[in-house]
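Chain A is the first sequence line, chain B the second, and so forth, proteins listed ahead of strands; every chain is numbered from 1. When reading the values below, keep in mind they use all heavy atoms of this one structure, side chains included, and skip hydrogens, waters and symmetry mates.
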Protein chains: 2
Amino acid sequence: MEALLPKFDSVFSIDCVIFGFDKGELKVLLIERNEEPFKDCLALPGYLVEQNESIDFAANRILYELTGLKDIFMEQFYTFGEVNRHPQGRVITVAYYAILRLNATKELKPVTNYAKKAFWHPVANLPELAFDHSQIFAKALQKIKRKITYQPIAFELLPEKFTLSQLQMLYELILNKKLDKRNFRKKMLNFGILKELDEKQKGVSYRAAKLYKFDRRKYGKLFQKELTF
Amino acid sequence: MEALLPKFDSVFSIDCVIFGFDKGELKVLLIERNEEPFKDCLALPGYLVEQNESIDFAANRILYELTGLKDIFMEQFYTFGEVNRHPQGRVITVAYYAILRLNATKELKPVTNYAKKAFWHPVANLPELAFDHSQIFAKALQKIKRKITYQPIAFELLPEKFTLSQLQMLYELILNKKLDKRNFRKKMLNFGILKELDEKQKGVSYRAAKLYKFDRRKYGKLFQKELTF
DNA sequence: ATACTTAGTGTACTTTGTACAATATTAAAG
DNA sequence: CTTTAATATTGTACAAAGTACACTAAGTAT
């Protein structure tokens, strides 16, 4: 049976675009490659899919091996299939993305030696990346810009407890536009997925803001309201 | 150089979900397979990607070879990468979709003998399909339901000149819910992408409705307004 | 002329979006 | 203790969009 499928020198890979948010900056997870081609260059975490693993499984394995991050929920967003993406042959890559809160993150440490190191880099001044990874990144950014307006993915980027100003700052960063404070609060609170806590921000040298958290229970009850800005 | 990439017995394929609309029914393009596995079964048009063609190119070639349809704009929407999708080995498939007007369509005629025939089948009572094609179809349907509300893709399904009632019927079919006639008209006309023609419907045994067409020029000027229902 | 079928239309109400600026609270500095 | 500086918090009026709802108009067939 198996013999009926033709064999090609074709390979699948996975590339991961992982967004994080820290100190007022939107960041993306990069690695420094330790293999040819593009040895020593910066790239998105990515590697080849094994023959006996699903692509979702492979995405998790590869992210772990290259960065040490585990149990991250990633979503597939586009498949890049140009013939000459990879200088050594035909490689089709399925790109995944995720967003996560940085401070909940353990240390970054590649588990294989395909990568020299893994680190967060600000999205704002991203250097040129290996292969077509700059394009892949651009497509991911475009995707989350749209997604953030109808699904509460932004909460994944914040610490568990956050202030409304932090949340607004994050939206402004991702959407790359200024939002009105009063309207933003009205809309967010109305959306009904925030839980107000009896706690305040600490360690700031000005009026402390109330803390909120994302209420996953409430979110479950909505199906898919949209946020529009 | 080429030798550095490992070789796997892994294969890419493309599957196409092509929607059409005819006689008040939403349809999808199927083939009857002429090859093992699933010989004689119904399936989405799909085949293997060649090593030296991009996946977008392959999608068009494959659709043509299996159905005779040419120059259809298809969009990639999901990549299916479970290990056992294909009984003969590892096949990862990139799924594409498109929607088109049926009456502008030439005859369906497979150009290779991988398919015995190609034909339109109503979406309403779709039979079981080969491989995981039923799942692929379901995902495509979900996708266009969402897309139709923010991009005027529905027009691709209608003849060039159409009445508002036909347009409404199509929306109701895809969204699978009843819409208010007055509100639907208000919203559509307001959206500013229809051109009213000096012509009426012909051959109906009741009051003839005005004909409209989709005004691509006007659409270009909007960037991305959303239609919500 | 009548009956039948679909086309075509308007209004009141509700909800949502948007523009806009003053007061309140806290910590730090003096 | 007073002042300053920084950010938090709040409301209102207006505009735009969504929604519910039912009758008349026009053309065809008999």
Side-chain angles (χ1 to χ4, degrees), chain A residues 23-24 146 148-152 158-159 161-173 175-213 222-229, chain B residues 23-24 146 148-152 158-159 161-173 175-213 222-229:
Chain A
K23 304 196 190 76
R146 187 159 164 73
I148 200 179
T149 66
Y150 63 89
Q151 278 185 14
L158 292 170
K161 301 172 182 181
F162 51 84
T163 69
L164 288 179
S165 294
Q166 289 171 332
L167 183 60
Q168 181 174 350
M169 192 166 90
L170 177 56
Y171 268 83
E172 291 181 339
L173 256 176
L175 296 175
N176 197 25
K177 76 179 180 191
K178 198 105 189 83
L179 303 174
D180 180 89
K181 204 198 310 197
R182 280 161 297 190
N183 294 340
F184 180 81
R185 280 162 185 251
K186 200 190 332 179
K187 184 169 263 183
M188 270 301 159
L189 293 173
N190 252 329
F191 204 61
I193 53 174
L194 293 183
K195 180 167 186 175
E196 188 178 331
L197 302 175
D198 255 348
E199 232 178 309
K200 297 207 161 184
Q201 214 177 8
K202 275 176 193 159
V204 291
S205 64
Y206 44 78
R207 177 176 177 182
K210 250 184 251 166
L211 291 171
Y212 291 81
K213 65 181 199 184
L222 315 167
F223 359 152
Q224 204 165 318
K225 251 171 143 178
E226 295 222 0
L227 280 168
T228 52
F229 290 100
Chain B
K23 303 197 189 78
R146 186 161 164 72
I148 200 180
T149 66
Y150 64 89
Q151 278 185 14
L158 292 170
K161 301 171 182 181
F162 51 84
T163 70
L164 288 179
S165 294
Q166 288 171 334
L167 183 60
Q168 181 175 349
M169 191 166 89
L170 177 56
Y171 268 81
E172 291 180 340
L173 255 175
L175 296 175
N176 196 26
K177 76 180 181 190
K178 199 105 189 83
L179 303 174
D180 180 88
K181 200 193 327 188
R182 281 162 295 189
N183 294 340
F184 180 81
R185 280 161 186 253
K186 200 190 332 178
K187 184 169 265 184
M188 270 301 159
L189 294 173
N190 251 329
F191 204 60
I193 54 174
L194 293 184
K195 180 166 186 177
E196 188 178 330
L197 301 176
D198 256 347
E199 230 177 310
K200 298 207 161 184
Q201 214 176 8
K202 275 176 192 160
V204 291
S205 64
Y206 44 78
R207 177 176 178 181
K210 248 183 254 167
L211 291 172
Y212 290 81
K213 65 181 199 182
L222 315 166
F223 359 150
Q224 203 166 316
K225 249 169 144 181
E226 295 222 0
L227 280 168
T228 52
F229 289 101

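One finds the CG atom of B:Leu189 at 9.0 Å from the CZ atom of B:Phe184 (value rounded to the nearest 0.5 Å). Taken from CD in A:Gln166 to CG in A:Leu158, the straight-line distance is 6.5 Å, to the nearest 0.5 Å. Interatomic distance, B:Asn183 CG to B:Asn190 CG, rounded to the nearest 0.5 Å: 11.0 Å.
The separation between A:Lys186 atom NZ and D:dG11 atom P is 11 Å, rounded to whole Å. The distance from atom NZ of B:Lys187 to atom C1' of C:dG10 is 17 Å, rounded to the nearest whole Å. Atom NZ of A:Lys178 and atom P of C:dC20 are 14 Å apart (whole Å). In this structure, A:Leu211 places its CG atom 12 Å from C1' of D:dA8, rounding to the nearest Å. A:Leu164 has its CG atom 7 Å from the P atom of D:dT9, to the nearest Å. Between B:Leu189 atom CG and C:dG10 atom C1' there is a gap of 14 Å when expressed in whole angstrom units. The CE-P distance, from B:Met188 to C:dT9, rounds to 16 Å in whole Å. Rounded to whole Å, the distance from CZ on A:Arg185 to P on D:dT7 is 13 Å.
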Please set out all donor-acceptor pairs under 3.5 angstrom arising from side-chain atoms of residues 197-208 of chain B, sequence neighbours excluded.
residue: B:Glu199; atom: OE1; partner: B:Lys161; partner atom: NZ; Å: 2.9
residue: B:Glu199; atom: OE2; partner: B:Lys161; partner atom: NZ; Å: 3.4
residue: B:Gln201; atom: OE1; partner: B:Ala209; partner atom: N; Å: 2.9

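Among the atoms of the strands shown, base atoms are found under 4.0 Å from some heavy atom of B:Lys181.
Contacts of A:Lys210 classified as side-chain hydrogen bond (donor to acceptor under 3.5 Å, both in side chains), with partners at least two apart in sequence or in another chain: A:Glu196. Scanning for ring pair (Phe, Tyr, Trp, His ring centres under 6.0 Å) contacts around A:Phe162 gives A:Phe155, with sequence neighbours left out. Take B:Gln168 and apply the side-chain hydrogen bond (donor to acceptor under 3.5 Å, both in side chains) test, not counting sequence neighbours, and it matches B:Glu172.
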Summarise how protein sits on nucleotides 23-30 of chain C as a single string, 5' to 3': B when a protein heavy atom is under 4.0 Å from the base, S for sugar-phosphate-only contact, - for no contact. -BBBSS--
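Not a single donor-acceptor pair, N or O on each side, falls under 3.5 Å between the base of D:dA17 and the side chain of B:Asn190.
When each of B:Gln166 and A:Arg182 is assigned the nucleotide of DNA chain C with its nearest heavy atom, B:Gln166 is the one assigned upstream, toward the 5' end. Between A:Asp180 and A:Gln201, the one whose closest nucleotide on DNA chain D sits nearer the 5' end is A:Gln201.
Residue B:Ser165 places none of its side-chain N or O atoms closer than 4.0 Å to OP1 or OP2 of C:dT6.
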